[in-house]
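First comes the structure, then the notes that go with it.
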Amino acid sequence: DVPTQIFDWWNYGGITRDVFLVETDEVYIQNYNFDLDKTTKNQIYFSINLNTKSAGKTVEISIPELKIRQSFTSNRNGEIEGMLTAKNLTLWSPENPKLYDVELKLGASILKDQIGFRTIETQGKKILLNGKPIFLRGISIHEEKTNGGGRANSTEDAQKLLSMAKELDCNFVRLAHYPHNEYMVREAEKQGILVWSEIPVYWTIDWKNPGTLLNAKRQLSDMILRDQNRANVIIWSIANETPHGNDREKFLAQLASHARSLDSTRLISMAMEVLSAANYHNKLQDNMNKYVDVISFNQYIGWYRDVNDAPKMTWEIPYDKPVIVSEFGGGAKYGLHGAKNQRWTEEFQENLYKENVAMLDKIDGLAGTTPWILKDFRSPRRVLDGVQDYYNRKGLFSDNGEKKLAFYILQDWYKKK
C-alpha cells in the first residue's frame, strides 16, 4: 500500500471526494495542457489528447481576453500540439493571481477552464518565479476541517484553511502528505498561494514490490494530470521521510523520472530526513539529491532532538540547489502556559520557533520553509492523555482556530521576508 498502515494522520474513510457521472460524445477531449515558454514569456505551448486515436478532428481554442481563437486538427494518434502567441500577457503571481478564461471546443462540446500563466525554475540556490527570485513563506496543511475534524472537502473548507495561512503572511502551502481536494488547489490559485503537492510515499513502504511502485506511479500520474494546468502548483513531491537504502533510491529515482516524463515544467522535490550530525554541525547527505530540483528536509531541533540547542547549530548542504525546510516545529496545547522550558506549553513552542527561525536564517540557499503545521489535527498515534488526546498538537492554531503564541513569531519572521 501507499501509504502503509503506519501513518501519522487520521485517514478518514468513506467517500470523501465529489463523484460525478459525465456523459460524453464518442470522441472527446480527455486531457489538455497549457504551459508558458520560459524564454519568450509570450508563447503558450499546448497539447491536447483525445480519448481515441482519431485523426482529422478539429478543436478550437479560445482565450477571449488575449484575442486568441484558433483551430487545430488532430493527428492519427488523436493528439494536437502547437503554440499560441499571446500579446500583453499578464503573468500569474501571488501579488496578482491573474486567470484567463479558456475554452476548448470539439464538435458541440465545450470545455471551460480558468488558467494562469507563469514560469518556475531554479538558478543555483534560487527559486525563480517569472524570472525573479522568490522566498516561499509557507506552512504545511493536512486536509482536515477547522472545527473538530472530518475531511476538508468543500470550497468553504479550503477558504477557511487558506485564510489562516494568509494571516501568517504565507504565499506558499505544502499540502501534505497526499494530493488534497481540487477545491483546495483551485482556491489557493485564486488567492495567489503557491502549492507543493505530494503523494503519500511516506516513511517506509515495500520498496522491492513492483505492485507498490505501480501504485505510487498511478497516484503520481493522477496528481499531475489533474493539476497540470494550475499556475500555483510549482513543486511535485515524491516522498516524505523515507529511510535511506539502495532499494528506496531505485524506487524514488523511477518516480522522479516518471514525474518528469509527465511534466517537465515544474520542480521536483521530496522531504528528506536523515542528517549527519556531530558537534552541533548538521550535514545533509542524501543520494536522491541528483534527482530533485529543490533540496528539502524535515528537522525537529528543539523537539525530537537537541532541545534548546538550535542557537548552536550550523548547517552544511553540499548541493548547488535551493533549500526548503519542509518541516520544523513542536507541540503545544492551546491555553497551557508555563516556563519556556516546560514541554507542551505555548511558551515552549514560542521559544522553539524563536530559536529555529534565527537558526534557519543562517542556512545558505534557504529559499523557503513550510513549518509543521497550520492547525492541530487528529492522529491515532498521538495518545498522550490530557495533552494530545489523539491530536497532533504541533499546530500554530488549535483545532478550533485559536492562535498559539508561536503563530506570532512565524508571522513576524515572514513579514520581514
Side-chain angles (χ1 to χ4, degrees), residues 1-3 5 7-22 97 99 111-116 138-168 170 172-202 215-216 218-237 240 370 372-382 389-402:
D1 291 337
V2 180
Q5 295 300 304
F7 46 82
D8 191 14
W9 66 87
W10 202 279
N11 211 21
Y12 294 95
I15 298 175
T16 64
R17 301 290 167 88
D18 290 346
V19 178
F20 298 94
L21 293 177
V22 181
L99 299 175
L111 278 176
K112 296 181 179 181
D113 202 347
Q114 287 190 311
I115 297 177
I139 192 73
S140 296
I141 302 178
H142 261 303
E143 190 183 66
E144 189 172 87
K145 293 179 184 290
T146 58
N147 55 351
R151 181 74 77 194
N153 58 4
S154 68
T155 297
E156 181 183 13
D157 290 336
Q159 290 170 341
K160 287 180 179 178
L161 289 165
L162 293 170
S163 69
M164 294 160 71
K166 294 280 271 192
E167 282 192 79
L168 275 167
C170 291
F172 180 55
V173 292
R174 178 188 178 208
L175 301 183
H177 286 294
Y178 38 78
H180 286 215
N181 197 294
E182 189 172 8
Y183 293 124
M184 185 66 163
V185 180
R186 286 184 175 267
E187 189 60 32
E189 185 179 42
K190 292 176 184 176
Q191 293 192 25
I193 299 177
L194 296 156
V195 164
W196 158 313
S197 191
E198 188 166 286
I199 59 170
V201 177
Y202 180 89
N215 184 337
R218 185 183 71 247
Q219 293 189 47
L220 188 59
S221 298
D222 289 346
M223 176 176 71
I224 291 174
L225 292 175
R226 189 192 75 177
D227 290 335
Q228 63 187 346
N229 289 300
R230 304 282 64 82
N232 62 328
V233 179
I234 58 170
I235 294 176
W236 303 125
S237 172
N240 175 76
T370 51
W372 195 260
I373 188 170
L374 180 68
K375 60 171 284 291
D376 293 349
F377 62 95
R378 294 181 69 194
S379 171
R381 298 175 61 84
R382 306 292 171 164
D389 298 321
Y390 294 95
Y391 276 87
N392 187 311
R393 298 294 185 188
K394 294 186 183 68
L396 294 174
F397 289 84
S398 74
D399 184 59
N400 291 316
E402 299 132 327

>> For the CH2 atom of Trp10 and the OH atom of Tyr391, what is their distance to the nearest 0.5 Å?
In response: 9.0 Å
> Just by distance, do the side chain of Asn240 and the backbone of Tyr202 share a donor-acceptor pair under 3.5 Å?
Replying inline: no
> Are Tyr178 and Phe7 close enough, and set up right, to give a side-chain contact (heavy atoms from CB on, under 4.5 Å), and what steps lead you there?
Replying inline: CA-CA 12 Å; Tyr178 38 78; Phe7 46 82; over 6 Å; no
>> Please give me the minimum heavy-atom distance between Tyr390 and Pro380, naming the atom from each residue.
In response: CE2-O, 3.8 Å
> Where the side chain of Ser140 meets the backbone of Thr370, is there a donor-acceptor pair that is under 3.5 Å apart?
Replying inline: yes
> Counting distance only, does the side-chain N/O of Glu143 pair as donor-acceptor with the main-chain N or O of Asn181 below 3.5 Å?
Replying inline: yes
> Okay, side chain of Gln219, backbone of Val2: is any donor-acceptor separation there less than 3.5 Å?
Replying inline: yes
>> I need the minimum non-hydrogen distance between Pro179 and Pro200, along with the two atoms involved.
In response: CD-CD, 4.4 Å
>> For a 4.5 angstrom cut-off between non-hydrogen side-chain atoms, does Val185 reach Leu175?
In response: yes
>> I need the Gln159 CD to Met184 CE distance, nearest 0.5 Å.
In response: 11.0 Å
>> For Glu182, is there an ion pair with Arg230 - N to carboxylate O distance below 4.0 angstrom?
In response: no
> Which heavy-atom pair separates Asn229 from Glu189 by the least distance, and what is that distance?
Replying inline: O-OE2, 4.0 Å
> Are any non-hydrogen side-chain atoms of Phe172 and Trp196 less than 4.5 angstrom apart?
Replying inline: yes
> Side-chain contact, heavy-atom cut-off 4.5 Å: Arg381 with Asn392?
Replying inline: no
>> Measuring from atom CG of Leu374 to atom CZ of Arg174, what distance do you get when rounded to the nearest 0.5 angstrom?
In response: 13.5 Å
> Using the benzene-type ring in the case of Trp, are the ring centres of His177 and His142 under 6.0 Å apart?
Replying inline: yes
>> With heavy-atom distances below 4.5 Å as the criterion, would you say the side chains of Val201 and Leu220 are in contact?
In response: no
>> Could you walk me through whether Arg382 and Asp8 satisfy the salt bridge (charged side-chain N to carboxylate O under 4.0 Å, His left out) test, starting with their C-alpha distance in whole Å, then the side-chain angles of each, then the deciding distance to 0.1 Å, before giving a yes or no?
In response: CA-CA 8 Å; Arg382 306 292 171 164; Asp8 191 14; 2.5 Å; yes
> Under the salt bridge (charged side-chain N to carboxylate O under 4.0 Å, His left out) test, which residues partner Arg378, sequence neighbours left out?
Replying inline: none
> If you measure from CG on Asn153 to CD1 on Ile15, what distance do you get to the nearest 0.5 Å?
Replying inline: 11.5 Å
>> I need the Gln228 CD to Ser221 OG distance, nearest 0.5 Å.
In response: 10.5 Å
> Only one of Leu396, Ile141, Ile139, Thr146 forms a side chain to side chain contact (heavy atoms under 4.5 Å, CB included) with Lys375, so which one is it?
Replying inline: Thr146
> Is there side-chain contact between Ser197 and Trp236, with heavy atoms separated by less than 4.5 Å?
Replying inline: yes
> Do Asp18 and Tyr183 have side-chain atoms, one donor and one acceptor, less than 3.5 Å apart?
Replying inline: yes
> Quick one: which of Lys145, Glu144, Arg151 gives a side-chain hydrogen bond (donor to acceptor under 3.5 Å, both in side chains) with Tyr12?
Replying inline: Glu144
>> Going by the rule side-chain hydrogen bond (donor to acceptor under 3.5 Å, both in side chains), which residues pair with Ser398 if we only count those two or more places apart in sequence or in a different chain?
In response: Glu402
> What's the spacing between Leu162 CG and Thr155 OG1 if we round to 0.5 Å?
Replying inline: 10.5 Å
>> Contact between Val195 and His180 at the side-chain level, heavy atoms closer than 4.5 Å - yes or no?
In response: no
